[in-house]
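For clarity, every value in this text was computed on a predicted model and none was experimentally measured. Atom set for the values below is all heavy atoms of this structure, side chains included, hydrogens, waters and symmetry mates excluded. Just so it is clear: chains get the letters A, B, ... in the order the sequence lines come, proteins before strands, and each one is counted from 1.
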Amino acid sequence: MSKNLVIVESPAKAKTIEGYLGKDFLVKSSFGHVRDLVTKDLSIDVENGFKPLYEILPDKQKMIRELRKMVEGAEVVWLATDEDREGEAISWHLAEVLGLDPAKTRRIVFHEITKSAITEAIQKPRNIDLNLVNAQQARRVLDRLVGFELSPILWKKVKPSLSAGRVQSVAVRLIVEREEEIRAFTSTYAFKVTGLFDVENEFGKAKIKADLPKRFQTSEEAMKFLEICKNAGFKVAEVETKPGKRSPAPPFTTSTLQQEASRKLGFSVSRTMTVAQQLYEAGKITYMRTDSVHLSQMALGMAKEEIESVFGKEYHKSRQFATKSKGAQEAHEAIRPTYLNNSTIEGDAAQRRLYELIWKRTIASQMTDAILEKTNIYIDISTSKEQFVATGEVIKFDGFLKVYMESTDEDVENEEGLLPPLKKGEALGLDEIQAVQKYSQAPPRYNEASLVKKMEELGIGRPSTYAPTISTIQKREYVVKEDRDGNTRDFEQITLKGGQIKSVVKSEKFGFEKNKLFPTDIGELVTRFLVQYFTDIMDYNFTASVEKEFDEIAEGLKEWNQIIKDFYGPFHKKVTETLESREKAKGEKLLGVDPGSGKNVYVKIGRFGAMAQIGDTESEEKPRFAGLRKGQSIESISLEEALKLFDFPRTIGEYEGEDMVVGIGRFGPYVLHMKKFYSLSKTDDPATITAEAAIVLIEEKRSGDANRIITEFAERPDIKVLNGRFGPYISIAKENYKIPKDKTPAALTLQDCLDIAKNSAPTGKKKVAGRRK
DNA sequence: CAGTGAGCGAGCTTCCGCTTGACTT
């Protein structure tokens, strides 16, 4: 047994550190948090100082048992979890759960995984910082109180199984409010004028493009200006050159990596994290969940060496960046390659591309500025006071641009390049002038990565939760990620060329969206409800302001229980009031009157989502209901579309002597035949599908089911060997069992199946409490 | 998967943050 037991959070880290520490040290990992609030109920004693009721996480119990044994044999236990609020709490929970003797327990921290940093940390142990631990407990308790008191209100007042929380509800709010802005937006237009001029001087012939800063509001004004230009002369009024520079972006944090991987590689945030995790476990990059832009001394040294040898001394500039983001805890380094001399790695395409992105960004951050020269050329018009302006930019020294340029979310229209050499007073020939009708654009919708960027700005969520939060708000159906077709619109283009003015009307596409986040009806309804009754929690600054209080707890200036008490009093009162007095929120909207019955037609949210309703609920006669289809929404559905939903179920014909009925259910349109359901394909329209097409569907499903069955047993009809999506399996009653690799599925006898079932656990039924899925 | 919706009531759902595999029919 080793004399020293070191506990870190991540197993990959444990492996590396063990190599540095030698044989007297055994390094183990806690795999993150080991203990949390009991999953069921609030598990906080609000009457007694908000005492939390903790339990060891179910999937950590085995690991804790093993650690306990190792602790017995160890002389010193070193708690080396991360140096932030959560890391301090993990150490404290470990100390509690393992029953550590303070006399033989040391708390150490290090920011980088290098031999010197770790041996140095061992020289400077400290005790667990209980103030920091209490700040974490306050954070944890607050989140549980908010989540577990708000969610049940939604189950009662909106729809079962919904959720609300400090982070997710504000993330949804961002998307809902952006959508409202886009709806309220009315596009205006102006005519943008661009001139193309001919240059002919001692340096040769060239063209120069210049814009008119003034825009015209109407077609007539633009036309009038072109008329004025018809017989005008043009000459260079002034040539202005200004030096400029551009500096590299800091190395990656989780959030900026997600943004750039989305823009440059088209990765979703979860894809980025999965691939980054693979790189981390393979030892290729440093830790991928970080909010720090800090680079270790070792990294700075490696960057210098690499840049000087590949690009030359003049390209290197050592830089250390400062973290700007709200609430950053900086327990780790920035995300960087472990070895900066490897510009590429072995691996699959995604791993190679993400690695190269990280390498370029890191290297560029340690390179010199790009030196630019910006040129403005002002062009006089003999018949007008207006001036054309041509702008150009020349790179005098490329610096970091040799390696990497950060992308932006907005598309940049103007590419500024080199301008031909020109002198003041020089006359220019006119090639053409164009006035083009340009529309103003609505604010852009969020995609996953730009939502993460906004969340980080507001300080809501942490590097480890950005990706899970985005998946939660989609799973709850508050938000959908999808593509939407745009529209087309006409724009006018007026051209002056060869003394002639011509106007043409062209059409352009706009508003096309790809992989953007849209709010659903439920998302909008829940957001409006929460903003109305829980304004403070839904405030974009709520997290930032509670973080300030957590900091005060961490500094020992305030008691955590008192902070929570001050919050909980008014909050809980509001919860009770809302539960008692508020009406259900249904988001009901009157669409119009059904011409058939003369009754009102509504759309609203019910227990199973959005639905249409004919007739009033207060009336004697029971109203009729029909669920909205996928892609339809309360916001946009028309009366005609709503009425069509009531055309189902309808009988479309007979097959084998039984009716075929088309209906629309929870999982979309279907054909019902002999009590069996057959889903329509995406291309079939339930309103027009023919009996022939329905029969094809039925037959296809039947032959598919036949292939599914490998073996059936006459004596036990509840036992079958089946072909599934993941290969053959055994089905007994409702339980499924894996087939051992050394067995041939088709050759299994009934006895074999029973033996396999007896000796193995059924799949998929494993319910681990406290596990989010 | 399974084709519901008023209202009643049973029993269920739910938070954020730290870590990885196990698992999917």
[X] [atom1] to [N] [atom2], straight-line distance once rounded to whole Å:
{"X": "Gln137(A)", "N": "dC16(B)", "atom1": "CD", "atom2": "P", "result": "19 Å"}
{"X": "Met674(A)", "N": "dA2(B)", "atom1": "CE", "atom2": "P", "result": "20 Å"}
{"X": "Glu330(A)", "N": "dC18(B)", "atom1": "CD", "atom2": "P", "result": "14 Å"}
{"X": "Leu132(A)", "N": "dG17(B)", "atom1": "CG", "atom2": "P", "result": "15 Å"}
{"X": "Met288(A)", "N": "dG17(B)", "atom1": "CE", "atom2": "C1'", "result": "14 Å"}
{"X": "Asp36(A)", "N": "dT14(B)", "atom1": "CG", "atom2": "P", "result": "15 Å"}
{"X": "Arg289(A)", "N": "dC16(B)", "atom1": "CZ", "atom2": "P", "result": "17 Å"}
{"X": "Lys15(A)", "N": "dT19(B)", "atom1": "NZ", "atom2": "C1'", "result": "16 Å"}

If you only use heavy atoms from C-beta on, which nucleotide in [options] is closest to the side chain of [X]?
{"X": "Tyr280(A)", "options": "dC18(B), dT20(B), dT13(B)", "answer": "dT20(B)"}
{"X": "Ser679(A)", "options": "dT14(B), dC18(B), dA2(B)", "answer": "dA2(B)"}
{"X": "Thr39(A)", "options": "dC15(B), dT19(B), dT20(B)", "answer": "dC15(B)"}
{"X": "Phe31(A)", "options": "dG17(B), dT13(B), dT19(B)", "answer": "dT19(B)"}

Tell me what [X] touches on the nucleic acid: a base, only sugar-phosphate, or nothing, going by heavy atoms under 4.0 Å.
{"X": "Gln277(A)", "result": "sugar-phosphate"}
{"X": "Val167(A)", "result": "sugar-phosphate"}
{"X": "Ser163(A)", "result": "sugar-phosphate"}
{"X": "Gly32(A)", "result": "base"}
{"X": "Gly615(A)", "result": "nothing"}
{"X": "Tyr670(A)", "result": "base"}
{"X": "Glu149(A)", "result": "nothing"}
{"X": "Arg144(A)", "result": "base"}
{"X": "Tyr466(A)", "result": "nothing"}
{"X": "Leu162(A)", "result": "sugar-phosphate"}
{"X": "Arg85(A)", "result": "nothing"}
{"X": "Pro11(A)", "result": "sugar-phosphate"}

For DNA chain B, stems built from three or more consecutive Watson-Crick or G-U wobble pairs below 3.5 Å: none
Parallel, tilted or perpendicular, as decided by the 30° and 60° cut-offs, for the rings of His93(A) and His33(A): perpendicular
Whether Phe529(A) and Tyr533(A) hold their rings parallel, tilted or perpendicular, with breakpoints at 30° and 60°: perpendicular
Which donor-acceptor pairs under 3.5 Å do the side chains of residues 641-649 of chain A make with protein atoms, sequence neighbours left out?
from      : atom 1 : to        : atom 2 : distance (Å)
Glu641(A) : OE1    : Ser638(A) : N      : 2.9
Glu641(A) : OE1    : Ser638(A) : OG     : 3.3

Inter-residue atom distance Thr465(A).OG1 - Arg289(A).CZ, 0.5 Å rounding: 10.5 Å
Rounded distance [0.5 Å steps], CG in Leu53(A) versus CG in Asp45(A): 9.0 Å
Taking only nitrogen or oxygen atoms into account, show me every contact under 3.5 Å that the protein makes with nucleotides 5-9 of chain B, one pair per line with its distance.
from   : atom 1 : to        : atom 2 : distance (Å)
dG5(B) : O6     : Gly627(A) : N      : 3.0
dG5(B) : N2     : Gly609(A) : O      : 3.4

Pair Lys676(A) + Glu658(A), salt bridge at N-O below 4.0 Å: no
side-chain N/O Ser151(A) vs dT13(B) OP1/OP2, d < 4.0 Å: no
Interatomic distance at C1', dC1(B) relative to dA22(B), whole Å: 23 Å
Within 45° of the axis and under 6.0 Å from the centre of the six-membered ring of [Y], does NZ or CZ of [X] qualify?
{"X": "Arg144(A)", "Y": "Phe148(A)", "value": "yes"}
{"X": "Arg173(A)", "Y": "Tyr540(A)", "value": "yes"}
{"X": "Arg35(A)", "Y": "Trp92(A)", "value": "yes"}

Main-chain N/O of Gln329(A) paired to Asp291(A) side chain as donor or acceptor, under 3.5 Å: yes
Donor-acceptor pair under 3.5 Å, Arg140(A) side chain vs dC15(B) base: yes
Per-pair stack call Trp155(A) and dT13(B), 5.5 Å, 30°: yes
